[in-house]
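Basis for what follows: all heavy atoms, side chains included, without hydrogens, waters or symmetry-related copies.
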Amino acid sequence: MFLLRVWTFFCLSVNKCLFSFFQDANLSIHTDNPDLTPCFQNTILAWIPSIYLWTALPFYLLYLKRSKRGYIVLSMLSRFKTLFGVLLWCVSWADLFYSFHELLQSRTPPPVYFVTPLVIGITMLLATLLIQYERLRGVQSSGVLIIFWFLSVLCAVGPFRSKIVTTTEMCLFRSATFYIYFVLLIIELILSCFKEKPPFFSPASADPNPSPELTSGFLSRLTFWWFTSFAIRGYKKPLEDKDLWSLNEDDVSKNIVVSDCLVCSPRKEDVTYRKKSNHALNHVGDGPEEAEVLIRGKRHNRKPSFLKALLRTFGPYFLIGSFFKLIQDLLSFVNPQLLSVLISFIKNKDAPTWWGFLIAALMFTCTVLQTLIVHQHFQYCFVTGMRLRTGITGVIYRKSLVITNSAKRSSTVGEIVNLMSVDAQRFMDLVAFLNMLWSAPLQTCLALYFLWQALGPSVLAGVAVMVLLIPFNSAVAIKTRAFQVEQMQYKDSRIKLMNEILGGIKVLKLYAWEPSFSEKVLEIRKNELRVLKKSAYLNSLSNFAWTSSPFLVALTTFAVYVLVDERNTLDAEKAFVSLSLFNILKFPLAMLPQLISNIAQTSVSLKRIQQFLSHDELDPNCVERNVIAPGKEFACFLHSINLLVPSGALVAVVGHVGCGKSSLLSALLGEMEKLEGEVAVKGSVAYVPQQAWIQNATLKDNILFGQAPNEQKYQNILEACALKADLEVLPGGDHTEIGEKGINLSGGQRQRVSLARAVFSSSDIYLLDDPLSAVDSHVAKHIFDQVIGPDGVLKGKTRVLVTHGIGFLPQVDHIVVLADGKISEMGSYQELLKQNKAFAEFLRNYALDENIEEDELTTFKTKTPQNQYTAAHQSGRGVLPRHFCLVCELYQPALDILQVKLTVFWQYMKAVSPVISLIICFLYCCQNAAAIGANVWLSDWTNEPVINGTQHNTSMRIGVYAALGLLQGFIVFVSSFTLAMGGINAARKLHAALLENKFHTPQSFYDTTPTGRVINRFSKDIFVIDEVIPPTILMFLGTFFVSLSTMIVIIASTPLFAVVIVPLAVLYFFVQRFYVATSRQLKRLESVSRSPIYSHFSETISGTSVIRAYQREKSFIDISDRKVDENQKCYYPSIVSNRWLGIRVEFVGNCIVLFAALFAVIGKSSLNAGLVGLSVSYALQVTLALNWMVRTTSDLETNIVAVERIKEYSETETEAPWIIEDKRPPADWPSRGELEFVNYSVRYRKGLDLVLKDLNLQVHGGEKIGIVGRTGAGKSSMTLCLFRILEAAKGEIRIDGVRISEIGLHDLRSRLTIIPQDPVLFSGTLRMNLDPFNKYSDEEVWKALELSHLKKFVSSQPSMLEFECSEGGENLSVGQRQLICLARALLRKTRILILDEATAAIDLETDDLIQMTIRTQFEDCTVLTIAHRLNTIMDYTRILVLDNGTIAEFDTPTNLIASRGIFYGMAKDAGLA
């Protein structure tokens, strides 16, 4: 009953006070000294904070109940806050008791003096209790209470002023208590701005580098002040990994994925989809509980939805951001209304000045609130996007570890990696603007409602224009996308060709084929730029539409409005309020089509991910891992296989290719799908796959594979697996970093590392899939004896060995012979021989060859290991520095980027052309002048006096306004097109210069520079110059001139504004510098940390069977999570840096709005409404422009580095000219083929030792010279000198009396012929590979093919000479490739032939063919052969023996053998002497 009375009183009081407020308008509003009525002060104003706190309380308590942060120890701050809260309660109730005292004194105070102190007192008590409850829940800074104290102070300011101003009779006691109350409120507000110490059991306390966000106060979080220290650090010094803060607990990969995603994502948990298994994951250590969660309630036959899982996981957090967006959308419509009020105020000359100041203050408050709220919205959206990417990456990674092999085959590694990189990224990009889906229609409806209020039905004309522009924009977008696809195809083919060119650059130089390939690249580039040009037309059109759309909408609306009825007059209020509403409309209308296309793309990504996550999973129960009773038979699916392997036995599995040997091992591992029967394995398993799987880690880590190190055991295993000698030649020993896929190890070394890993794991069962095929025979024997065989390290363990090596079979316990997936025979070696079936016949056929091979090997036994290690050494030497160079490459640019020099901008301007650059700037000035002109004209139009309810010259006004606006649109079109053309021009020049230089660069550059680094210049940097820099410059110029024109307009209308420009500019400049420096480095760190995620993922996919065999899934998931977290550690600060920047820059913009309005109020007497409308509507737009200007500056500085990088590689040292016109040799040179070396010395590069020293020799025309010597004697260097790949350190070479150093390189190289050791082919037709310049007729080409024994093969192909060779000639055998190189030589048929004999790559048959052809076809030519097999050169004219870069012997073979020198020793070794 009492409550009902209070409520009735409350309602009556509110009505009465509001009535008194408006009734006493002269006291409250229409006065120069305004005041609020006592009734209003004591009720509504006093109750606002209480209403807020009680409304927020239930939600806040719910939130506190759910948050567990530990408790905070009672501090001085907390004590003081509580003390002042209690005092406030006492002061409030002192008023209440005073009212009772008055009642007892029979002075009846109004009821409000009872109710208000009671309500305020209870609220203060609640606030005090809340302070303590928050402390117990670990809240360091309370946003709810800060807002409450702020509202309380705000609502007390009015009464405080009243009490000071009014000197009328008032109650002394109440005044005194109010002053105390007011002071206490201010103290409480100040105290609440400080934060408490961190909670006692806080998770952050264990973190070495926790994010200050966790412990920052409410205001710091609201303004992102906690990020400032990081921005300063980034400005002062280059950021490194150690400077980055740890991720918040909620953003850590493990928590995101395990919490919800895994449980909800489409796994095969239904019985319908899973074969006989209820387990969710083949995890080690994950108990059945996790599986239970997945299965419960999922018995119906419906596919689980990945989208629902994502919504459940990330939806609630995202909705908080949506709530902020809603408030921001509503706030954005307040300023146009305030502008309307401001213009009315300027028109009304009698209005009190304080109105203007209040409007300016409200505008400022509104914009500041908008800024704070919109950045909170973006923070929530971007963090949701970040978590979404983490979650999707984690789920895909975990799924990839458990899918079946058939599922894996249905998508390539590249496609699965794309799911993680491209598709997950699409989700992330979409989430940032997803709220526009409902926000755009809401903003449009609100804007149209307010426009209708101002202009009536004529708004529909403007809306019609907008609606018409949407299909236009969509059509442009669709066409642009089509162009992008076409351009990407050209770009891909250009990069592919460049990759081949750089891979085979040495061959191009030797054959002098550079011009032909240069033309090919430039042809593709021409097409690429042609498509870019088409895109530029479209982009210019869309820029025209984007700039002109608000203007066209305004124009049609105003024109229809004034022409429909002549009594419709356009005043400043209608015009500028409408303009600011049209500006609000601009963003949603532009974003909506883009958003819809993004949603379409993301839905495709969603389907792809859903499909991948719905793949069948391996059944972890298909292999029993339990201990089984010995003697129990178990069947294994291939074709009704029955096989029992006794514990500790060595079983060999043999059979023809494709008979199912590897499948048998896969079945034992549980990698095959089991149809019937059972498989049981006793104990742990180690697996050595046929193709060794090597991680990108150190060699030692590859062997340990997560096991605890044991040095003694480790060294023994290295010895047994014949790895000791390899370690000696690897630069870092076992700490050498192995590149991806074991790139810097030979095949044999990779296989031995894989075997060492298995041995180190000390498992019970070893499944060895042909580990001996990749190693040399003597190494295979060593490994079998030391590791696998009856006396090896693994004796006593169960071993299943798939092998092709017949020599080992007598030593195994059992042999299983497979044929067509079935066991055809089984038994010991002797038993199978006795059975005399297929196996015995197989043995008889092959044993003979094997024996011969063994004998041959024993002859060379001493030599082979050394050769093998030399090869290893060379591969190590060649590749390892490359690996380290790459690391440097990643970090090198960091320092270059720090201060982008102005010279780089100047270089780009020169490439664009300085004249065009000036024209572009001039056009931008004109465009903004036209825009200002149109708006000034509108302002002038609105000031036109209204005579008899109409305005004159309406048609002329519309005409000029339309002309100026359309002129602006036209200039925008021209300037953006000019800029695009300038950009394309620059791109063409820079690419051409880079390409030209790279073809002229000496070979030594390519020997020391990783191809990847050069390709990066042609792909990433050229892409940036083509497609990133021009739009960034466009954006930068646009925002710069918009900001500039805003300043000009505001200063022109209110000159006082010039005073505040300098401090605002200084503030803006500092914020911009801090942001640009930090943001750029964060981008760099983020991109550096992104690639390891994908490379680790592709590595995992290729090694899933090994990871599963060793049961290492859990640790690999942890590694992946760690890599994702490392990347997010860089990405999260970059999100925050954008928010930090946005709030500060927009604050500068908000100050511009404040001062524009303020100075308009101050200069009210001299200003007209049109000018004020103009300057304030400009000020309202500037915030966005300022924000984007900083971002585009940052992007420009980040991207312009591409120009510097390309310039750097366009100016590297070049080799001699290709053709020297006045020194060209005769057309038939060399006619005789005579060669002469005179005191010739050469070194590979400056600073290195001489490779050839003082060579003097003469070769007569037609002689056949064999060149021999040990590795490193200088044989290949000598041939390179003939082609001037290496330039002389001193001395000279003469061919037919011509000094080769004096003629052009192409004149020299095109007159010599070489058949190189490694046959290099390029993708393209066979004819192109033989004759890239089309110099020879088809008959000549066929003749060459016939002589090189390829005619039969080529004529059997449907496309004959147009047969397409794949990249590197992959679709031809090595022998065929070598024969194509021979055909090239036969086509050129020059007088001098150099032959770098390729024995390693070629079978004996092909080698014989080549030797025979050379003897017959090059009979009259001078032939120099670098011989690896001496029997090929024993019939040569003379033999040149090189030793350590000098000529050791040079004579006929017979004389050399007779003289018993070095050559004799070599011949003896080869069994030829």
- Task: Determine, step by step, whether Arg525 and Asp1026 satisfy the salt bridge (Lys or Arg N to Asp or Glu O under 4.0 Å) criterion, reporting the C-alpha distance in whole Å, the side-chain angles of both residues, the deciding distance to 0.1 Å, and the verdict.
- Result: CA-CA 11 Å; Arg525 180 72 178 152; Asp1026 284 354; 2.8 Å; yes
Taking the six-membered ring of [Y] as reference, does the NZ or CZ atom of [X] fall below 6.0 Å from its centre and within a 45° cone about the axis?
X: Lys998; Y: Tyr1209; answer: yes
X: Lys574; Y: Phe576; answer: no
X: Lys520; Y: Phe517; answer: yes

Taking atom [atom1] as the centre, does [X] end up with more than 12 heavy-atom neighbours from other residues, nucleotides or ligands that are less than 6.0 angstrom away?
X: Phe472; atom1: CZ; answer: yes
X: Phe333; atom1: CZ; answer: yes
X: Phe970; atom1: CZ; answer: no
X: Lys479; atom1: NZ; answer: no

- Task: Let me know which of Arg494, Gln489, His991 forms a side chain to side chain donor-acceptor pair (under 3.5 Å) with Glu528.
- Result: Arg494
State, yes or no, whether a side-chain contact exists between [X] and [Y] at a heavy-atom distance under 4.5 Å.
X: Trp906; Y: Pro914; result: yes
X: Arg1017; Y: Arg1205; result: yes
X: Ile1033; Y: Tyr908; result: yes
X: Val960; Y: Met956; result: yes
X: Arg1144; Y: Tyr1075; result: no
X: Asp429; Y: Gln425; result: yes
X: Tyr1131; Y: Leu1082; result: no
X: Ile958; Y: Trp941; result: yes

To check you understand the geometry: which heavy-atom pair defines the closest contact between [X] and [Y], and what is its length?
X: Val577; Y: Pro336; result: CG2-O, 3.6 Å
X: Phe582; Y: Leu451; result: CE2-CD1, 3.6 Å
X: Ala911; Y: Leu990; result: CB-CG, 4.3 Å
X: Ala1185; Y: Val1042; result: CB-CG1, 3.7 Å
X: Phe1018; Y: Ile495; result: O-CD1, 3.5 Å
X: Gly983; Y: Pro1030; result: CA-CG, 4.1 Å

- Item | Ring center gap for Tyr961 and Phe551 short of 6.0 angstrom |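 Under 6.0 Å, so yes.
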Any donor and acceptor pair, going by atom type alone, linking the side chain of [X] with main-chain N or O of [Y] inside 3.5 Å?
X: Thr1192; Y: Met1189; result: yes
X: Ser1137; Y: Ser1134; result: yes
X: Ser913; Y: Met909; result: no
X: Ser518; Y: Pro515; result: no
X: Tyr490; Y: Lys526; result: no
X: Trp937; Y: Arg957; result: yes

[X] and [Y]: side chain donor to acceptor below 3.5 Å:
X: Asn997; Y: Thr1212; value: yes
X: Arg426; Y: Thr602; value: no
X: Glu1146; Y: His375; value: yes
X: Asn935; Y: Ser939; value: no
X: Gln484; Y: Glu1027; value: no
X: Asn1150; Y: Thr371; value: yes

How many angstroms lie between atom [atom1] of [X] and atom [atom2] of [Y], to the nearest 0.5 angstrom?
X: Leu1141; Y: Thr1078; atom1: CG; atom2: OG1; result: 10.5 Å
X: Phe1023; Y: Asn1199; atom1: CZ; atom2: CG; result: 9.0 Å
X: Ile1048; Y: Phe1041; atom1: CD1; atom2: CZ; result: 9.0 Å
X: Met981; Y: Leu532; atom1: CE; atom2: CG; result: 8.5 Å
X: Ile1200; Y: Ile1029; atom1: CD1; atom2: CD1; result: 4.0 Å
X: Thr444; Y: Leu585; atom1: OG1; atom2: CG; result: 5.5 Å

- Task: Could you walk me through whether Tyr1178 and Ile932 pass side-chain contact (heavy atoms from CB on, under 4.5 Å), step by step?
- Result: CA-CA 10 Å; Tyr1178 256 97; Ile932 293 174; 3.7 Å; yes
- Message: Set out, in order, the CA-CA distance, both residues' side-chain angles and the distance that settles side-chain contact (heavy atoms from CB on, under 4.5 Å) for Arg530 and Glu486, then state yes or no.
- Response: CA-CA 11 Å; Arg530 194 190 70 241; Glu486 187 183 353; 3.8 Å; yes
- Could you go through the side-chain contact (heavy atoms from CB on, under 4.5 Å) check for Cys381 and Asn435 one step at a time? CA-CA 9 Å; Cys381 289; Asn435 279 315; 3.5 Å; yes
- Could you check Phe977, Phe483, Phe544, Phe973 and say which one makes a ring-ring contact (aromatic ring centres under 6.0 Å, His included) with Tyr537?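 For Tyr537, the ring-ring contact (aromatic ring centres under 6.0 Å, His included) check succeeds only for Phe977.
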- Task: Run the salt-bridge test on Asp492 and Lys496 with the 4.0 Å N-O cut-off and return the result as yes or no.
- Result: no
- Item | Trace of the side-chain contact (heavy atoms from CB on, under 4.5 Å) decision for Ile599 with Leu437 | CA-CA 10 Å; Ile599 288 176; Leu437 209 54; 3.7 Å; yes
